[in-house]
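Structure first, commentary second.
Every chain is numbered from 1 and lettered A, B, ... according to where its sequence line falls, protein lines coming before strand lines.
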Amino acid sequence: TVGCVVVDQEGRCAAATSTGGLMNKRTGRIGDSPLIGAGTYASNLCGVSCTGEGEAIIRATLARDVAAVMEYKGLCLQEAVDFVIKERLDEGQAGLIAVSKNGEVACGFNANGMFRGCATEDGFMEVGIW
Amino acid sequence: MGKWAIAVHGGAGVDPNLPVQRQEAAKQLLTRCLNLGISALRSNCPSIDVVELVVRELETDPLFNSGRGSALTENGTVEMEASIMDGPKRRCGAVSGLTTVKNPISLARLVMEKSPHSYLAFSGAEEFARQQGVELVDNEYFITEENLGMLKLAKEANSILFDYRIPNGGFETCSAGAAATDSPLQMNGLPISLYAPE
């Protein structure tokens, strides 16, 4: 699975996710990536793209949950990401990337690694796997 | 005027024995895609354009599990899916079951912008793609030798493989077969534990 999340200079967030799914899957199997709220979500607060154990991401509505805890618990972006990864994955393994309308970027995962990269207008840039 | 930010990912769940050169290839691709997005942002492209642009680039490169380089079904074919969402008005578009669309994310965006629906799948999505005139290719375009090898291993192990996206040359992968008997729960005739990792 691949994904990208962006907030532009107008504070508009967007998210996109694309995948080929599971190796040796049954034909017709649908995962989390095309499910809005599970693998992908964006609102006026944030943009989120998820990857990992598809069925766990679906159960947790993982992408939407990041936005929800920001809205209802008042958490900042990284706090929201940490919260959903720790509390909402129900023993599943997954990761996500997220941006907020304020220009923040965050990622979190409980798998052994996630291919990821992020950058901000302030000059921060990082690419990592583990 | 706010500040822009961008993040990309190429999947979670990574082979802990991934060779260093493979790790470097992945990092180079991620860096290239980040720079592509950064250039677009500096050109004042809106966020929805930037996410589509970057994901198209990731779909075109066979390194990760999307577009070209997608994981294979049990039949040795590719079925792809994608979704996109625009935050300000929460517009969204999604597609599943694509077999000939070169860039699924662009079709998802067309669903969002050119149809009254949010999600199209299988033959309906393919028909919409033809009507919209997006680039179509044979299913073989998406299939790589590495993934054919991974599928062969999965079938021999009778399991769904962990999605270690960049295989070691010797195909040293793990399958969930060893844990197959831990839980009595089954899905589609296979122990639930086989489905755990993506």
Interchain contact, [X] with chain A, by part (heavy-atom threshold 4.5 Å):
X: C33(B); result: neither
X: N75(B); result: side chain
X: I38(B); result: side chain
X: V54(B); result: side chain
X: F142(B); result: neither
X: L34(B); result: side chain
X: P104(B); result: side chain

[X] versus chain B, the contacting section by heavy-atom distance below 4.5 Å:
X: I36(A); answer: side chain
X: E91(A); answer: neither
X: C107(A); answer: neither
X: V5(A); answer: both
X: Y41(A); answer: both
X: A111(A); answer: side chain

Looking only at side-chain N and O atoms, does [Y] offer a donor or acceptor that is under 3.5 Å from a partner on [X]?
X: E24(B); Y: Q28(B); value: no
X: S83(B); Y: T40(A); value: yes
X: N103(B); Y: E59(B); value: yes
X: E52(B); Y: S106(B); value: yes

Among [options], residue most engaged with chain A (heavy-atom pairs, under 4.5 Å):
options: A5(B), S96(B), A82(B); result: A5(B)
options: N35(B), V50(B), V8(B); result: V8(B)
options: G67(B), P88(B), S118(B); result: P88(B)
options: A108(B), G97(B), S47(B); result: S47(B)
options: L72(B), L98(B), L58(B), L30(B); result: L72(B)

Backbone N/O of [Y] and side chain of [X]: donor-acceptor pair under 3.5 Å:
X: T51(A); Y: A12(B); answer: yes
X: D122(A); Y: F124(A); answer: no
X: E79(B); Y: T73(B); answer: no

R68(B) NZ/CZ over Y141(B) ring centroid, <6.0 Å and within 45° of normal: yes
Specify which of [options] makes the most heavy-atom pairs with chain B at under 4.5 Å.
options: A63(A), G39(A), A42(A), A106(A); result: A42(A)
options: G31(A), S100(A), G47(A); result: G31(A)
options: T27(A), N102(A), L45(A), L35(A); result: T27(A)
options: G95(A), G28(A), A56(A), A94(A); result: G28(A)
options: C46(A), P34(A), G103(A); result: P34(A)
options: C4(A), A98(A), G11(A); result: C4(A)

Give the minimum heavy-atom separation between E53(A) and G92(A), together with the two atoms involved.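 Heavy-atom minimum between the residues: OE1-CA, 3.2 Å.
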If every non-hydrogen atom of C76(A) is compared with every non-hydrogen atom of E104(A), which pair is closest and at what distance?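 Scanning both residues completely, I find the closest heavy atoms to be CB-OE2, 4.3 Å.
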Got a sec: does the CZ of R90(B) have more than 12 other heavy atoms crowding it under 6.0 Å?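 For R90(B), atom CZ is not crowded (no more than 12 foreign heavy atoms under 6.0 Å).
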One thing to verify: whether [Y] and [X] come together as a salt bridge, which I'm taking to mean a side-chain N less than 4.0 angstrom from a carboxylate O.
X: K101(A); Y: E10(A); answer: no
X: R109(B); Y: E113(B); answer: yes
X: E121(A); Y: K3(B); answer: no

